[in-house]
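Read through the structure below, which is laid out as structure tokens, and then see the notes.
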There are 4 protein chains.
Amino acid sequence: MESTENEPAPAARRHHGNRHRRSEEARISVLQAVDGLLVEIGYARLTIEGIAQRAGVSKQTIYRWWSSKDELLMDAFSKDASDWMIPSDTGRLRDDLRAHAQRVAEFMANSDAGAVFRALLAQAQHDGDLAERLRSEFLVEQKTYERLPLEAALQRGELPQNADPDLLAAQVFGPIYYRVLVSGETVTPAFIDALVDLTLANTVASGSRPGS
Amino acid sequence: MESTENEPAPAARRHHGNRHRRSEEARISVLQAVDGLLVEIGYARLTIEGIAQRAGVSKQTIYRWWSSKDELLMDAFSKDASDWMIPSDTGRLRDDLRAHAQRVAEFMANSDAGAVFRALLAQAQHDGDLAERLRSEFLVEQKTYERLPLEAALQRGELPQNADPDLLAAQVFGPIYYRVLVSGETVTPAFIDALVDLTLANTVASGSRPGS
Amino acid sequence: MESTENEPAPAARRHHGNRHRRSEEARISVLQAVDGLLVEIGYARLTIEGIAQRAGVSKQTIYRWWSSKDELLMDAFSKDASDWMIPSDTGRLRDDLRAHAQRVAEFMANSDAGAVFRALLAQAQHDGDLAERLRSEFLVEQKTYERLPLEAALQRGELPQNADPDLLAAQVFGPIYYRVLVSGETVTPAFIDALVDLTLANTVASGSRPGS
Amino acid sequence: MESTENEPAPAARRHHGNRHRRSEEARISVLQAVDGLLVEIGYARLTIEGIAQRAGVSKQTIYRWWSSKDELLMDAFSKDASDWMIPSDTGRLRDDLRAHAQRVAEFMANSDAGAVFRALLAQAQHDGDLAERLRSEFLVEQKTYERLPLEAALQRGELPQNADPDLLAAQVFGPIYYRVLVSGETVTPAFIDALVDLTLANTVASGSRPGS
DNA sequence: GGGTAAGCGAGACGGTACGTCGTGTCTTCGC
DNA sequence: GCGAAGACACGACGTACCGTCTCGCTTACCC
């Protein structure tokens, strides 16, 4: 993993032709400190000073490269999130949907990256900029992948022409997000199976009788 | 100095009426201050000192009765939340479901109480105790009401015997919560209609024969 | 327990002919609490709330009868101070002066009442009213007693006519106060003897040669 | 500025391994604020917050460099006290003693520095550490200077060999401290003259033959 | 001998200041 | 010229007492 790829900030690259450049070592150790502290003490007690100390870095260095705690979390999150997004493609809609739903549930509820995501989402409730960034950098793509099995099936003719992949994806994944973020219920495989089955039964039924 | 006992002059009553027990006046004005400030400056900039000042109350009084900012929000929320929960009951499932879904969407996305709710839910992501309290004091009941139209329909025979109201409610309301809390998309009436239609089409189609 | 003997305060006795009267029990236990707390935790950490709690009395009761912490201390002090003031009178100036100086030194440096006195004197540095009260209720009398052996000796002809008892007392007692209050040196009998001897030698010498 | 290890500033530098320098500007303005506030509102109403505000400094900065209000006062006092201590030396004991006694009385009763000193001495009654510091940093030196004219006279042979400068100084200065700190009487030139005359008359008379 | 008013405990109240923590900015100096 | 170290002004924290104010109880006087 050549880690300049997660470095899109142009300001950080301004020093390109200079003698001195950003310390990659510092950057890495900050992001690791964030990961570690998030797990150990939780978001609520995460402080810039704590991160700096843990990373063996000065506060100034953090402020130089990240404009806020949330942006720092975004970076720490991006580092890990992509692993979870891409659905399998077996050619069987029901299986692909179940597998990806299971994967998303696992990510959201049990992974470290998911914990960071929930923390970011929580912050995003009071911070429109963060919300926007979270959406454009993660959710848009995430949603695309959630729709992917359905669109593939649509292309294959496994779903009726007038089926709406967006809506169907919403009915499969919405309840999963709800359980993790809101009700705190565990997302069991049985629940996922029921969701997928009902959704597909529905689609076939309504898709075949569009006039109803 | 023998006449200090009774205050005949009503004009001299500058002091808030303190009972030996808790001052209801103080309690009310604190909760109102929380409501007002949440709307005006948002959760992120809400401080105990600000609330105390706005309410004309000492910090100590707040700390005496509420153990944390979140508990205070919880109380302020309880005060307003109940208005939104109860679904109408026209006897027609589709109408009732649409109406209640619309109502929930409105509450979540646009009401003051909904703003408090989102703030609490955000905090609950890092605070298990708050999460538990939020669930037991609000979400359990809220969920019951979301299921109500479906259970009524089940009793009326408008739904097949083997339909699962819980699951159906999840497929209607889950996507609504998702849009408000996660993706930030507006919840349009058309979206709600589509959700309800799809959910009911399915149930009727798969759960029992449409002709019955 | 009708302990009216330590009750000189006329305000407290005002209720004599009334139906209702001050609780002597409360008064005593407050003053005892002050004494105890002063010794145990020192003046700096003495609080009205602490006194009330220790005395098993409500704050209001304290505020009802004493207008300030210092006034309370004054009362606690008056209770004990008088024991130390009166000098012996053997008819021999040197002996009487030594004995009383020793007594005053003991009071100031080592007695409980002396500790209260030092605390009051400290407060009096920033509180003119207290200073005035301390002077009129204690120091005037105390100074009279310090002068007493010298004045008696003057009457007896043991001192020259033009000797100034005030000035002589100042030279004997001033250095004692200085050691206790300022330098913290212990006031030894040897120091007292030297002071008295020098003062008397001086007086005889200068008193006999008034023209010098 | 090539070496941080040597501080040209007269104030003590206690942060050893620290390569970052204390803001001299902040230090000065804090001490000036203390001086100003003491005079304007008095010790009793002096608060750290008030000092910080007046100095344009954060509370944290005060707490960083001074461990208590008293230590802060101690510093503010040291700044000004030394002006008052050194006695003149005309070679005539009576004149020197009178002049220095007058100077000390002026310092104690009427100067700003004296007001700080009285406040510190008051605090020192309930705080042994402060008492010790006040003694070692001020009183020892002060006492030396009070003795100086007497010791010079002793050396010159103006006093008998067996005269005790310590005791003599105590009899001159003790009563002055007493009047300022305890009785509140003003220290008049006449009082000082009387003290000095009486003290010297004695010594000359008893210690050696007046004719010498 | 019942009514009633003062003293009392308890403690909530609006405040002020405390001493601490974390923020984001700034400066110094080592590499 | 980046980066560590950390001082700085600022703002909020949660706590301790302040002095004021009911409240409900007890008690002792007076009618």
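Since the structure is predicted, the reported quantities are computational estimates derived from the model, not experimental observations. Every chain is numbered from 1 and lettered A, B, ... according to where its sequence line falls, protein lines coming before strand lines.
- Nearest-nucleotide mapping onto DNA chain E: of C/Val57 and B/Ala55, the residue sitting toward the 5' end is C/Val57.
- C/Leu72 places its CG atom 15 Å from the C1' atom of F/dC18, with the value rounded to the nearest Å.
- The base of E/dG24 lies close enough to the side chain of A/Lys59 for a donor and an acceptor atom to sit less than 3.5 Å apart.
- Looking only at side-chain heavy atoms (C-beta outward), B/Val57 and B/Ile51 stay at 4.5 Å or farther from each other.
- OP1 or OP2 of F/dA9 has at least one side-chain nitrogen or oxygen of D/Ser58 nearer than 4.0 Å.
- One atom, CD of C/Glu24, and another, P of F/dA28, lie 14 Å apart when rounded to the nearest Å.
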Pair up each side-chain donor or acceptor in residues 119-131 of chain D with any protein partner under 3.5 Å, not counting sequence neighbours, and list the distances.
unit_1   : atom_1 : unit_2   : atom_2 : d
D/Gln123 : OE1    : D/Tyr43  : OH     : 3.3
D/Gln123 : NE2    : D/Tyr43  : OH     : 3.3
D/Gln125 : NE2    : C/Leu181 : O      : 2.8
D/Gln125 : NE2    : D/Leu121 : O      : 3.4
D/Asp127 : OD1    : D/Asp129 : N      : 3.1
D/Asp127 : OD1    : D/Leu130 : N      : 3.2

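- Within the 4.5 Å cutoff, the side chain of C/Leu72 has heavy atoms near those of the C/Leu31 side chain.
- For the OP1/OP2 pair of E/dC13 and a distance below 4.0 Å, the side-chain nitrogens and oxygens of B/Trp65 include at least one atom meeting the criterion.
- Distance A/Trp66 CH2 to E/dT23 P: 15 Å, rounded to the nearest Å.
- For the pair B/Trp65/B/Asp75, no side-chain contact is recorded, criterion being any heavy-atom separation below 4.5 Å from C-beta on.
- Rounded to whole angstrom, the span from the CD atom of A/Glu25 across to the P atom of E/dC31 amounts to 16 Å.
- Atom CZ of D/Arg54 and atom C1' of F/dC10 are 20 Å apart (whole Å).
- Atom CZ in D/Arg27 sits about 15 Å away from atom C1' in F/dA7, given to the nearest Å.
- Between B/Thr61 and E/dG14 there is a side-chain polar atom (N or O) within less than 4.0 angstrom of OP1 or OP2.
- Here the side chain of B/Ser78 pairs a donor or acceptor atom with the backbone of B/Met74 at under 3.5 angstrom.
- Atom CD1 of C/Ile51 is separated from atom P of F/dG19 by 11 Å (rounded to the nearest Å).
- The residues C/Arg54 and C/Glu40 are annotated as salt-bridged, a charged nitrogen and a carboxylate oxygen being separated by less than 4.0 angstrom.
- Taking side-chain N and O atoms only, D/Arg64 has a distance below 4.0 Å to OP1 or OP2 of F/dC8.
- Rounding to the nearest 0.5 Å places CZ of B/Arg22 at 6.0 Å from CZ of B/Arg27.
- Between the axis at the start and the axis at the end of the helix from E/dG1-F/dC31 to E/dC31-F/dG1 there is an angle of 10°, using five pairs per end and rounding to 10 degrees.
- The pair D/Lys79-D/Asp35 meets the salt-bridge criterion, since a charged nitrogen lies less than 4.0 angstrom from a carboxylate oxygen.
- Contact annotation: side chain of C/Gln60 to base of E/dC8, donor-acceptor pair absent below 3.5 Å.
- Residues from residues 36-50 of chain D placing a heavy atom under 4.0 Å of any atom in DNA chain E, listed by number, are D/Thr47, D/Ile48, D/Glu49.
- Computed from coordinates, the C/Ile62 CD1 to E/dA10 P distance equals 12 Å when rounded to whole Å.
- Counting only heavy atoms from C-beta outward, the side chains of D/Trp66 and D/Val30 approach each other to under 4.5 Å.
- If you check F/dC8, F/dG19, E/dT23 against the side chain of C/Tyr63, the one that comes closest is F/dG19.
- A donor-acceptor pair is defined here as one N or O able to donate and one able to accept, closer than 3.5 Å; such a pair exists between the side chain of B/Lys69 and the backbone of B/Leu46.
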